[in-house]
Every structure is written in C-alpha cells, then in structure tokens.
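I have placed the structure first, in the form of structure tokens, so that the comments after it can refer back to it.
This one's a predicted model, so the numbers in the text were calculated from it and none came from an experiment.
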Amino acid sequence: VVRAPRWALAHKFPAEQAETTLDAIDIQVGRTGALTPVARLVPVTVGGVVVSNATLHNEDEIQRKDIRIGDRVIIQRAGDVIPQVVRVLTDARAKGSAAYIFPDTCPECGAPAIRPEGEAIRRCTNALDCPAQKLEWLKHFVSRDAFDIEGLGARQIDQFVQLGWVQRPADIFRLAERRA
C-alpha cells in the first residue's frame, strides 16, 4: 500500500504470439555444467523483434509439451523479453516424427551427463576439463558479479580463449598489451 495507491490498476496486454517451425534443438552447457536445450526456429517477427531462438528450459518441459524437431510451434516473448515455445501444433506434425531424446552425455566433452533425483537439470560431470564450462566460468570470473574487470567482457574472453592466451583465471592477470 505504501508504494502504490489502492485505487490504481495496471492493465497488462496479452503477449503477442507467432507461428513458426522448429528446425533443431541444440544443447548449451553453462558454467555449472547444466545442459540447457535451445530451440532453433525459422526466424519470425514477434512484438517487433525477429526471433530465431527460444528457451526450452529443461528435459521435462520438452516431454511435457511433446516438442519434436520439425514441429510447427506457437512462440511468444515471456514478459515481452524472453522467447519461449507456448505450444506445439500437433495436427500439423509430420507423420513418423520421433520424440526428442535428451542426450545423456555432454555435447562439448562427451562426459556422462547425470540428472540427480528430484532435480530438473541434467549436468555434465566433467567440471574440470569441459571446455564449455571453462569458457563460461571465465566469462563469469570477469563479469560484473565477480571481479568486474573494466573493459574485459564475454567477447574478449571468447577471443582470448580461441587464441590460446587464456585458459584459467590466473592467465587473465598475465596478459600483456599487444600491438599490431
């Protein structure tokens, strides 16, 4: 009541939705080893933004919505920000399409990916040697929530890792100025 008067009302408009085709499901590996599925879509405009990727959250969400590669799907931007798959148009599904099988190994390093009982997330077990986890961990290390190194961000870390200049956090502090 202190921050908003009792008589004030806020009307929210329903999110704009669009229909498109799901081309592929890619698995991304985060810094904690979490395997996150991402829908690769035929680009479509939703709310003034061209959307070509959407979050699928986790393995259970894919099974619950029965999402398959090649499906026609309805997408929207959750909170007018994050694209998500709302539902599958099952009547437009090709005959003989197979259910998506979530990988039980890490797509980056090939290590087993386990899903602890009671959790929704499957994780890579190779925390020390998985290249995707190392890269994401380095990005987090220089981020605003960690060391907050001014002028050094995710793009630079990507380049430095590709060039072989940085492989662990200590390498960041050994970087020398390079001139072309």
Taking Asp171 for the side chain and Arg168 for the main chain, is one N or O donor matched with an acceptor at less than 3.5 Å?
yes

Side chain to side chain donor-acceptor pair (under 3.5 Å) for Arg40 and Ser52? Distances and angles first, verdict last.
CA-CA 6 Å; Arg40 304 297 180 198; Ser52 58; over 6 Å; no

Salt bridge or not between Asp104 and Arg122? Use side-chain N to carboxylate O under 4.0 Å.
no

Worked verdict on Leu56 versus Glu61 for side chain to side chain contact (heavy atoms under 4.5 Å, CB included)
CA-CA 7 Å; Leu56 293 175; Glu61 190 73 2; 5.7 Å; no

The reported gap from CD1 in Ile82 to CD in Gln76 (rounded to nearest 0.5 angstrom) is 11.5 Å

Is Glu59 salt-bridged to Arg115, going by a charged N under 4.0 Å from an acidic O?
yes

Taking all heavy atoms of Arg123 and all of Ala34, pick out the closest pair and write down the distance.
NH1-CB, 3.6 Å

I need the minimum non-hydrogen distance between Val88 and Lys65, along with the two atoms involved.
CG2-O, 3.5 Å

If you count every heavy atom of other residues, nucleotides or ligands that lies below 6.0 Å from Leu89 atom CG, does the total exceed 12?
yes

With rounding to the nearest 0.5 angstrom, report the NE2 to CD1 distance, His57 to Ile62.
10.5 Å

When you look at Ile74 and Val85, which way does the side chain to side chain contact (heavy atoms under 4.5 Å, CB included) test go after all the steps?
CA-CA 6 Å; Ile74 301 295; Val85 174; over 6 Å; no

Kindly give the heavy-atom pair with the smallest separation between Ala15 and Arg77, and that separation in Å.
CB-O, 4.1 Å

Following the transitive rule for hydrophobic clusters with a side-chain heavy-atom cut-off under 4.5 Å over Ile, Leu, Val, Met, Phe, Trp and Tyr, establish whether Val51 and Val86 coincide in one cluster.
no

Run the side chain to side chain contact (heavy atoms under 4.5 Å, CB included) check on Ile121 and Thr36 step by step: do they pass?
CA-CA 8 Å; Ile121 306 252; Thr36 306; 5.6 Å; no

Is any side-chain heavy atom of Pro107 less than 4.5 Å from a side-chain heavy atom of Leu35?
yes

Taking the side chain as everything from C-beta on, heavy atoms only, tell me whether Lys134 gets closer than 4.5 Å to Asp129.
yes

Which heavy atom of Ala113 sits nearest to which heavy atom of Cys106, and what is that distance?
CB-N, 4.2 Å

Taking Arg155 first and then Asp158, would you say they form a salt bridge - that is, a charged N and a carboxylate O separated by under 4.0 Å?
no

Let me confirm one number: the CD-SG distance from Glu108 to Cys130, rounded to the nearest 0.5 Å.
6.0 Å

If you look at every heavy atom in Val29 and Glu136, which pair is closest and at what distance?
O-CG, 3.7 Å

Quick one: does Tyr100's side chain get under 4.5 Å of Pro37's, heavy atoms only?
no

Verify, without hydrogens or angle tests, whether Gln84 (side chain) and Ala78 (backbone) share a donor-acceptor contact under 3.5 angstrom.
no

Can you hop from Ile67 to Val42 via hydrophobic side chains spaced under 4.5 Å?
no

Measuring from Asn126:CG to Thr105:OG1, what's the distance to the nearest 0.5 Å?
11.5 Å

How many angstroms lie between atom OG1 of Thr32 and atom CH2 of Trp137, to the nearest 0.5 angstrom?
13.0 Å

Working note: Lys139 + Arg31, criterion side chain to side chain contact (heavy atoms under 4.5 Å, CB included); need CA distance, chi angles, decisive distance, verdict.
CA-CA 9 Å; Lys139 287 178 184 179; Arg31 79 179 159 92; over 6 Å; no

Val81, Val50: one ILVMFWY side-chain cluster at the under-4.5 Å cut-off?
no

Find out whether Leu138 and Ile172 are in side-chain contact, i.e. whether some heavy atom of one side chain is under 4.5 Å from a heavy atom of the other.
yes

Between Arg93 and Asp71, does any side-chain N to carboxylate O distance fall below 4.0 Å?
yes

Test side-chain contact (heavy atoms from CB on, under 4.5 Å) applied to Val73 and Val44, Thr21, Leu41, the passing residue
Leu41

State whether the number of non-hydrogen atoms from other residues, nucleotides or ligands found under 6.0 Å of Leu163 atom CG is greater than 12.
yes

Could you measure the distance from the CD atom of Gln156 to the CD1 atom of Ile149? Nearest 0.5 Å is fine.
11.0 Å

Determine whether Gln17 and Arg87 make a side-chain contact, defined as any pair of heavy atoms from C-beta on separated by less than 4.5 Å.
yes

In terms of heavy-atom contacts, Ala146 and Phe141 come closest through CB-O, 3.4 Å

Just wondering, do Val38 and Ile25 contact through their side chains at under 4.5 Å, heavy atoms?
no

Between Arg72 and Asp91, is there a side-chain N and carboxylate O pair less than 4.0 Å apart?
no

Tell me whether Ile101 is reachable from Ile69 by hopping between hydrophobic residues (I, L, V, M, F, W, Y) whose side-chain heavy atoms are closer than 4.5 Å.
no

